[in-house]
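Encoded as structure tokens, the structure appears first; notes follow it.
FYI, side chains are in, hydrogens and waters are out, and symmetry mates aren't considered; it's all heavy atoms of this structure. Position 1 is the first residue of the sequence, and the numbers go up from there.
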Amino acid sequence: MGPDHGLPNPGPHGAEFTSPLPPDLRGRISFLCAGSEKAVAARARLIARYGDAQPDEAAVVVAMGGDGCMLETQHKLLGRNLPVYGMNCGSVGFLMNEFREDDLPERLAAAQAAVLHPLRMLATDARGEVQTGLAINDVNLLRETRQAAKIRITVDGKIRLAELICDGILVSTPAGSTAYNLSAHGPIVPLGANLLPLTPISAFRPRRWRGALLPSESVVIFDILEHEKRPVAAVADYTEVRDVTRVEVREDRSVALTMLFDPDHGLSERIVAEQFTV
């Protein structure tokens, strides 16, 4: 574990509170960015104004780019729970704040913090090897060939769907429910709901099954049926495992991630507002 940054113990999934940052942030901000020309130039300007601390010595990290940059930054900092404040220099930017160079220390001090817990994937491949991965957005299973996947779904030790024929299926965090999950017509879940969306991707049989909302403490197991004929890959954010036979997914509450948002546009508000976007 890294240094203690004064963060409170993680409460319910998505708990939000006032930024815990110290009042004087001079020399304690670390700037990271995506590889785009725009983000690199923005980072250079901010460093010239506010200096740049190494992540091990920083009180906060400012990440510049799009949502992918935020996810990459959080994965780099896993286990440290160092607050990350994103500024949008990319395309989507759902997890990012508006980019502005002025008054950055004041914005950081006034920011709201959202505590998130990732999903942990345990994926067994055809050789019997088990690989793990953490997902801030979702764990998704996808067919590898022209053949549709056949998947058995077990929740907390009880078979809930003996056979799902589909292109794939995913389990999402509340924060990730507006990403791939929403594109697959899954429900958007508010941060404090303590629910995990389980959403099929192009389900063929049963055709009318649209997924489920599961308690956040649920343990979901996917068994791949006819895995040699119908190979499936499992992906947890940046970790991909090919030719899986069995995948277990659960929320890992031993890991906490902190994202900072401007008080007028916190993550909870964004998730609610997204449900009224037309």
Side-chain angles (χ1 to χ4, degrees), residues 1-8 10 14-116 118 134 136-137 175-176 178-179 191 237-238 255-271:
M1 295 293 291
D4 181 2
H5 298 281
L7 296 175
E16 292 190 333
F17 49 90
T18 303
S19 172
L21 299 176
D24 186 1
L25 290 172
R26 286 175 297 181
R28 302 196 65 189
I29 306 173
S30 180
F31 293 96
L32 302 177
C33 71
S36 69
E37 182 177 342
K38 179 180 179 182
V40 170
R43 178 177 183 269
R45 294 196 302 272
L46 289 171
I47 289 175
R49 294 187 64 171
Y50 302 108
D52 187 34
Q54 294 298 316
D56 288 344
E57 301 172 350
V60 61
V61 170
V62 173
M64 286 158 288
D67 286 348
C69 177
M70 172 61 80
L71 294 179
E72 183 177 355
T73 299
Q74 289 286 6
H75 276 275
K76 287 180 179 178
L77 300 173
L78 279 175
R80 295 190 56 201
N81 196 16
L82 186 62
V84 179
Y85 180 89
M87 289 206 289
N88 189 19
C89 293
S91 54
V92 180
F94 183 84
L95 298 174
M96 313 300 273
N97 300 285
E98 178 187 359
F99 179 83
R100 296 199 311 269
E101 294 183 30
D102 296 335
D103 304 319
L104 180 58
E106 290 76 12
R107 290 178 72 187
L108 293 173
Q112 290 182 334
V115 175
L116 311 175
L134 287 175
I136 299 169
N137 263 354
T178 60
L191 281 184
D237 283 359
Y238 295 104
V255 180
L257 310 169
T258 301
M259 298 184 190
L260 300 177
F261 296 93
D262 292 331
D264 58 342
H265 206 31
L267 187 55
S268 290
E269 165 60 23
R270 296 181 191 203
I271 290 175

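In plain terms, the two heavy atoms of P263 and A111 that are nearest each other are CD-CA, 4.3 Å. Taking every heavy atom of both residues into account, N88 and G66 meet most closely at OD1-CA, 4.2 Å. Here the shortest heavy-atom pairing between F31 and G51 reads CE1-O, 3.1 Å. Across all non-hydrogen atoms, the minimal contact from A63 to V84 is CB-CG1, 4.1 Å. Shown here for I271 and A175, the closest heavy-atom pair between the two residues is CD1-CA, 4.4 Å. In terms of heavy atoms, A113 sits closest to L260 at CB-CD2, 3.6 Å.
With sequence neighbours left out, K38 forms a salt bridge (charged side-chain N to carboxylate O under 4.0 Å, His left out) with no residue at all. With sequence neighbours left out, D102 forms a salt bridge (charged side-chain N to carboxylate O under 4.0 Å, His left out) with R49. Taking D52 as the reference, R43 meet the side-chain hydrogen bond (donor to acceptor under 3.5 Å, both in side chains) condition, with sequence neighbours excluded.
Formation of a donor-acceptor pair under 3.5 Å by the Y238 side chain with backbone atoms of E72 is found in this model. A side-chain donor-acceptor contact under 3.5 Å links N97 to the backbone of G86. Judged by distance alone, with hydrogens and angles left aside, the side-chain atoms of S30 form no donor-acceptor pair with the main-chain N or O of Q54 at under 3.5 Å.
From L71, atom CG reaches atom CG of N137 across 5.0 Å, with rounding to the nearest 0.5 Å. Taking OH from Y85 and OG1 from T258, the interatomic distance works out to 15.5 Å, rounded to the nearest 0.5 Å. With values rounded to the nearest 0.5 angstrom, L46 atom CG is found 6.5 Å from L104 atom CG. With values rounded to the nearest 0.5 angstrom, M70 atom CE is found 12.0 Å from F94 atom CZ. To the nearest 0.5 Å, atom CE of residue M259 and atom OG1 of residue T73 are 9.5 Å apart. Rounded to the nearest 0.5 Å, atoms CZ (R107) and CG (D262) are 4.5 Å apart.
Residues K76 and P55 fail the side-chain proximity criterion, which asks for heavy atoms closer than 4.5 Å. Here the side chains of D67 and M96 are in contact, with some heavy-atom distance below 4.5 Å.
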Checklist entry - Taking it one step at a time, do L78 and L257 satisfy side chain to side chain contact (heavy atoms under 4.5 Å, CB included)? => result CA-CA 7 Å; L78 279 175; L257 310 169; 3.5 Å; yes
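In this structure, E37 places its CD atom where only 12 or fewer heavy-atom neighbours from other residues, nucleotides or ligands lie under 6.0 Å away.
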